[in-house]
Amino acid sequence: MARSTKARGQTAAKANQPFLYRHYTPEQLREALRKMYLIRRFEEGAEESYMRGLIHGTMHLSIGQEASAVGICMALTDEDQITSTHRGHGHSIAKGADVKRMFAEFFGKTTGYCRGRGGSMHIADVTKGNLGANGIVGGGIPIAVGAALTAKRLGTGKVAVSFFGDGANNEGAFHEALNMASIWKLPVVFVCENNGYGMSTSVARSTAVPNIADRAAAYSMPGVIIDGNILSKVAEAANEAVERARLGQGPTLIECKTYRYRGHSKSDRNRYRTKEEIEQWMTQHDPISLYEAELREFGVIDEAGIAAIRADVEREIAEGIEYAKASPAPEIADLEQDVYTELA
Amino acid sequence: MARSTKARGQTAAKANQPFLYRHYTPEQLREALRKMYLIRRFEEGAEESYMRGLIHGTMHLSIGQEASAVGICMALTDEDQITSTHRGHGHSIAKGADVKRMFAEFFGKTTGYCRGRGGSMHIADVTKGNLGANGIVGGGIPIAVGAALTAKRLGTGKVAVSFFGDGANNEGAFHEALNMASIWKLPVVFVCENNGYGMSTSVARSTAVPNIADRAAAYSMPGVIIDGNILSKVAEAANEAVERARLGQGPTLIECKTYRYRGHSKSDRNRYRTKEEIEQWMTQHDPISLYEAELREFGVIDEAGIAAIRADVEREIAEGIEYAKASPAPEIADLEQDVYTELA
Amino acid sequence: MNVAVEVKAETGARELTYAQAIQEAMALAMEADERVVLMGEDIGVYGGAFQVTGNLVERFGPERVIDTPISELGGAGVAVGAAVTGLRPIFEFQFSDFATLAMEQIVNQAAKMRYMLGGAVSVPVVMRFPAGSGTGAAAQHSQSLEAWFGHVPGLKVVQPATPHDAKGLLLAAVQDPDPVMIFEHKLLYKMKGEVPEGFYTVPIGKAAVRREGRDVTIVATSIMVQKALDAAATLAGEGIDAEVIDLRTIRPMDRKTVVESVKKTSRLLCVYEGVKTLGVGAEISAMVAESEAFDYLDAPIVRLGGAETPIPYNPDLERATVPQVENILAAARDLVRGAR
Amino acid sequence: MNVAVEVKAETGARELTYAQAIQEAMALAMEADERVVLMGEDIGVYGGAFQVTGNLVERFGPERVIDTPISELGGAGVAVGAAVTGLRPIFEFQFSDFATLAMEQIVNQAAKMRYMLGGAVSVPVVMRFPAGSGTGAAAQHSQSLEAWFGHVPGLKVVQPATPHDAKGLLLAAVQDPDPVMIFEHKLLYKMKGEVPEGFYTVPIGKAAVRREGRDVTIVATSIMVQKALDAAATLAGEGIDAEVIDLRTIRPMDRKTVVESVKKTSRLLCVYEGVKTLGVGAEISAMVAESEAFDYLDAPIVRLGGAETPIPYNPDLERATVPQVENILAAARDLVRGAR
Ligand SMILES: Cc1ncc(C[n+]2csc(CCOP(=O)(O)OP(=O)(O)O)c2C)c(N)n1
Ligand SMILES: Cc1ncc(C[n+]2csc(CCOP(=O)(O)OP(=O)(O)O)c2C)c(N)n1
Ligand SMILES: [Mg+2]
Ligand SMILES: [Mg+2]
């Protein structure tokens with residue numbers, strides 16, 4: 001959702017509020033909550049459909065990480081572009097995708113965003129600037145830099161955002177891409193969603209620095225570490241970095257500290273972390289609960305409002321699943337379609 | 001050449017001298033000078049042979065960078081291992097290779113270190129711990145980390161050194177290798193020979209930090225920047241890093257600031273730098289002249305000693321070239337030999 | 001010790017899965033030789049993405065079962081460097097698709113180092129690649145890229161099709177002084193089969209005739225071997241006697257076994273999962289077409305390979321992308337009955 | 001605009017080198033479309049390792065002739081991302097060997113993105129690969145890896161053999177909406193030939209019959225085309241009338257032209273520089289062996305490819321590694337005279 005200019009010239013009282021509440025309208029703030037719910041319920045719905053055999057393959061759920069996806073994308077317009085990861089459902093929804101077409105994709109249907117060719121790991125919505133999830137850890141990072149090169153070269157004013165995990169920061173692609181973005185001062189924001197683990201391997205066991213953002217200095221760009229479960233902090237950091245990018249001042253590396261509740265994928269037995277650790281995050285530091293509490297505190301929403309949003313989201317999810325179920329499967333005859341662009 | 005323990009308990013007068021002169025015997029110091037000469041004259045000899053059509057292909061000369069090769073290898077034993085680069089003649093000689101067999105290799109003869117299969121870009125002498133030059137920028141960095149893993153795993157006490165250029169620091173392999181070396185605390189020293197350019201591209205245009213060693217922090221290892229044309233500084237930094245590695249304290253990144261006098265390879269037209277810049281380095285900051293002056297100052301050598309070394313080197317080079325010329329060429333029938341190990 | 005022949009274990013064979021067989025081979029190799037180490041992503045406490053390393057980290061410790069960061073190029077390079085200097089690493093790629101990140105170290109370094117150095121070193125590294133489609137993981141997690149590696153002198157490339165061979169080829173690979181690439185089909189990991197206890201090797205470079213027959217030679221690789229055998233059983237009921245060869249090694253290819261078979265049957269069908277064009281079947285076909293078996297051929301050489309498309313997500317599309325038993329049946333019938 | 005036919009320029013043709021022809025094509029493309037940018041290592045003031053970009057940076061500025069750091073994976077990925085979002089990058093690898101560092105972006109991203117996204121994007125990136133041996137640069141700077149790329153659906157792969165085609169295929173590639181890989185042989189850069197002025201394209205996917213003949217079909221690629229023509233001239237004096245086909249495109253391969261030729265000549269010889277096993281010739285052979293031309297074949301299909309070894313440094317060894325005119329002569333004579 002685009003930055004609201006309206007939201008700027010507000011009453012003096014607002015001046016004491018956190019950035020988020022000064023910068024966005026109440027509608028936008030409520031919409032952010034709705035998106036966080038939508039992501040969570042979408043993933044729960046997908047998980048359930050998977051259990052019931054309606055979805056095959058595997059999937060990587062971002063439940064617990066919703067604030068990062070939504071907070072970052074709040075700073076973006078529909079024209080701005082993102083590259084996402086194997087854990088990309090949240091980014092997709094935050095960037096404006098329709099859950100109907102996402103479910104349809106997961107169900108392998110022609111109405112899906114990828115016409116059933118991509119599935120969860122390649123979910124994309126190019127019309128909303130989502131260039132796609134990626135099955136290759138780190139694969140999307142240079143691609144986002146390429147999008148930023150296009151923006152700079154053609155003067156489109158667009159900003160590119162690359163989401164990636166803590167594990168991805170040890171890939172050569174991370175290093176090469178951040179270096180190029182910096183020397184060419186490209187309008188790109190690197191967002192590391194540090195959920196503590198790359199699959200089973202903790203940051204401490206895989207990464208020679210305590211914080212991923214500590215590596216920003218190696219590329220002469222700002223490195224910002226934030227609590228990725230607090231939407232207002234994410235949105236503030238995102239706005240700053242996006243503005244910097246849009247002004248031609250170059251890239252920023254934002255590290256959102258967060259946590260995934262579910263296993264890495266559908267085949268994870270969680271042997272590398274404790275139940276207590278998971279419980280602790282779920283009960284003490286859930287991004288939706290935290291945001292909801294804040295919204296209540298600042299009087300942006302009340303119980304009824306929350307209930308309405310929840311009901312709305314439930315309906316949207318149910319409709320999405322129905323739509324997916326009812327959609328047609330691809331024709332085998334079309335198997336080789338879209339390998340190449342058909343020439344007129 | 002191995003560290004001399006004799007050189008330690010010297011007279012008190014020595015205590016005020018720089019590390020090099022405290023740590024090494026006069027013979028060792030003179031041998032270092034001889035090696036620097038040998039490298040330079042070897043490369044001049046190779047260049048001349050190339051011009052005369054005796055050597056084909058291309059070659060990358062390190063003339064002007066001799067202090068870095070020699071200073072680093074002074075801290076190593078014959079058992080310690082190095083990986084080198086396309087610009088690897090100096091490393092090879094510094095690590096103890098015989099110029100006879102190096103010339104023979106360049107001449108494509110069976111008596112060469114690689115039996116005529118490798119040439120300049122793959123010069124190696126495994127018996128002296130040189131695992132080889134490398135045609136792939138950055139290719140040797142992970143290999144050195146692997147050598148260090150072997151050393152640690154088998155408890156051999158060996159240290160591995162990886163030489164690479166400033167250009168190589170933007171390869172993903174650099175990033176991945178340094179990270180692994182650090183998290184596993186491996187006995188490896190990374191030596192960046194920063195000669196200001198990767199082919200035609202200056203560090204400023206290719207690298208987002210002013211010094212390569214600034215990136216050491218991204219791997220939680222010491223980053224040491226030294227004047228790579230001053231042998232005593234190189235040797236001191238090398239000894240410290242090697243000791244650290246041998247004690248199990250992990251890797252170090254040493255950046256030697258230096259300069260190459262010749263073009264990148266035989267096909268360089270030097271359009272990316274000025275004659276003045278080259279002249280300046282050659283006349284004001286030549287590593288051999290600087291070291292020679294130091295040796296004289298500390299009374300380690302006199303004119304006659306220098307002349308004797310020079311004559312000795314001349315003879316060795318001339319003999320090397322003769323040996324190479326007289327050596328037999330490989331048989332075509334042996335073309336596919338050594339692709340695989342022959343099983344007994 | 002380099003065992004060139006298939007050693008039959010004294011002890012009787014048990015049923016193991018393909019994954020268990022590989023794990024057993026790794027454990028035996030590690031017990032026998034402390035230079036053997038395992039490297040890869042999440043091969044420690046997680047047990048590997050496909051549970052192939054399982055609980056080996058408990059038995060051998062994290063110093064020998066080494067979880068790497070997500071750094072395929074660097075990790076492969078470390079394995080190469082370790083191999084050259086005295087370890088015997090078995091490096092697991094989490095999916096064979098990620099080999100695309102490490103081709104530099106595999107192809108420019110591991111494969112060529114011995115040659116470039118005139119024989120001064122050997123590179124005894126083993127790399128394991130879980131490969132193939134059928135898991136719904138789509139285009140970037142389902143490729144069969146073994147043909148690339150088969151094109152590279154200096155590498156040896158094997159594709160075990162049974163639990164027995166998975167163990168025996170891995171043990172042969174660990175003993176081999178040169179780099180050996182092992183392509184394991186993900187759908188085979190749960191396949192059960194007889195696996196002798198103890199140490200034995202299956203020779204690299206030798207194909208296996210899985211079924212003798214007179215009418216048509218079917219050369220298959222990896223998971224296609226079982227499909228070919230299933231097809232052959234059906235064909236037998238129709239009076240078509242198919243010989244099924246399990247190629248087992250892609251490089252060096254067992255020319256003799258294939259050529260002799262075609263001289264007998266006069267017909268050749270190549271079945272493989274990789275993309276048809278420039279896939280393994282292209283080499284099998286070309287090898288026969290330039291051999292003395294050419295004069296015995298009674299029909300064109302037919303290849304059944306993967307479709308000319310990335311692997312799609314939708315399961316029906318995915319299935320249609322690679323050869324199935326019905327495709328083998330149809331091709332074999334056409335070949336023998338002369339429809340083409 | 002997608003020109004499917006070979007447009008003959010009005011203006012007369014001049015002699016240009018292969019490298020000049022490529023440079024002219026890039027200049028034309030950049031003049032015509034400001035979305036076209038060049039990327040690569042040392043392509044700016046240095047003019048490219050082989051002087052192919054020459055002084056283009058002076059004409060078009062460093063914003064459009066972009067020197068990248070030594071970062072092949074990242075650089076290729078930036079080119080892919082730029083292509084998806086609106087630029088038309090022409091990315092130069094300094095040596096094709098370094099593609100080993102970028103296979104991930106080329107194969108997992110560029111080749112598959114359109115498919116994985118169900119047709120929602122195109123990836124109009126062009127990548128140029130100076131390839132081949134003969135320069136004394138040894139094993140890591142001399143490879144011919146085009147077969148790998150030919151195995152990848154989603155890519156188009158061309159190998160121009162003349163200055164004319166180098167220009168025309170590059171212009172076709174820049175206009176193509178899909179990723180096109182161009183393999184340029186380093187020894188061809190100085191080859192001179194007629195090159196029309198102005199804009200024209202050579203269609204991707206069409207082979208060219210360079211010499212008509214009745215006795216044997218020689219399908220050659222890249223630098224082998226001229227060697228095949230030289231051999232054909234000698235063979236003509238011996239009463240052997242060879243047809244020489246320049247394959248030009250590896251993927252999609254021009255099946256029809258090759259098959260028709262073999263139906264006429266009944267003999268096929270494939271000549272290519274890449275390693276013989278699983279090289280381009282394997283596909284040519286297999287394609288013919290499964291085609292209707294099979295029944296016309298009077299002799300085995302012979303492949304002359306690179307030796308099964310890395311490229312050695314010594315020039316005599318290096319020469320012996322790849323097919324030479326004398327090898328083509330010997331093979332063609334044997335084929336036609338029935339020595340085999
Ligand atoms: C190049 C590559 N290597 C390995 C994998 C397998 N893999 C998929 S996700 C993952 C962990 C990624 O960790 P992180 O980047 O922290 O993201 P997270 O899963 O925690 O969101 C791994 C190892 C892959 N998909 N791509
Ligand atoms: C992976 C790879 N990319 C590009 C090249 C071509 N190349 C050879 S040397 C070189 C410059 C290397 O610069 P640097 O690392 O600074 O070493 P220097 O030549 O200055 O010693 C380049 C681009 C290569 N050999 N390998
Ligand atoms: Mg993570
Ligand atoms: Mg340099």
Side-chain angles (χ1 to χ4, degrees), chain A residues 136-143 145 148 164-186 188 190 192 194 197-198 200-223 225 249-253 255, chain B residues 136-143 145 148 164-186 188 190 192 194 197-198 200-223 225 249-253 255:
Chain A
I136 304 297
V137 168
I141 310 179
I143 294 176
V145 175
F164 55 92
D166 47 286
N169 104 97
N170 294 316
E171 284 283 5
F174 164 90
H175 177 68
E176 299 183 5
L178 268 72
N179 182 60
M180 280 184 275
S182 176
I183 56 173
W184 297 332
K185 273 201 183 304
L186 297 180
V188 52
F190 300 102
C192 179
N194 180 350
Y197 299 89
S200 70
T201 311
S202 67
V203 172
R205 290 205 302 128
S206 68
T207 306
V209 280
N211 307 294
I212 313 304
D214 295 344
R215 288 188 163 159
Y219 313 102
S220 297
M221 66 176 78
I225 302 170
Q249 295 168 353
T252 302
L253 170 56
E255 175 177 4
Chain B
I136 304 298
V137 167
I141 311 180
I143 294 176
V145 175
F164 55 93
D166 47 286
N169 104 97
N170 294 316
E171 284 284 6
F174 165 90
H175 177 69
E176 298 184 5
L178 268 71
N179 183 59
M180 279 184 275
S182 176
I183 57 172
W184 297 333
K185 273 201 183 306
L186 296 180
V188 54
F190 300 102
C192 180
N194 181 351
Y197 300 89
S200 70
T201 311
S202 67
V203 172
R205 290 205 300 126
S206 68
T207 306
V209 280
N211 307 294
I212 312 304
D214 295 344
R215 288 188 164 159
Y219 313 102
S220 298
M221 67 176 78
I225 302 172
Q249 294 168 354
T252 302
L253 170 55
E255 176 177 5

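The chains referred to below are lettered A, B, ... by the order of the sequence lines, with proteins before strands, and numbering in each begins at 1.
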| field | Winner by heavy-atom pair count (cut-off under 4.5 Å) against chain B, out of A:Gly172, A:Ala208, A:Ala204 | value | A:Ala208
| field | CG-OH distance between A:Asp214 and B:Tyr219, expressed to the nearest 0.5 angstrom | value | 12.5 Å
| message | Would you compute the distance between atom OG1 of A:Thr201 and atom CD1 of B:Ile183 and round it to the nearest 0.5 angstrom? | response | 9.0 Å
| said: I'd like to know if the side chain of A:His175 and the backbone of B:Ala173 have a donor-acceptor N/O pair within less than 3.5 Å. | reply: no
| request: For chain A, find which of B:Ser182, B:Ala181, B:Ser220 contributes the most heavy-atom pairs closer than 4.5 angstrom. | output: B:Ser220
| message | Are A:Arg215 and B:Asn179 packed together at the side-chain level, in the sense that at least one heavy-atom pair is separated by less than 4.5 angstrom? | response | yes
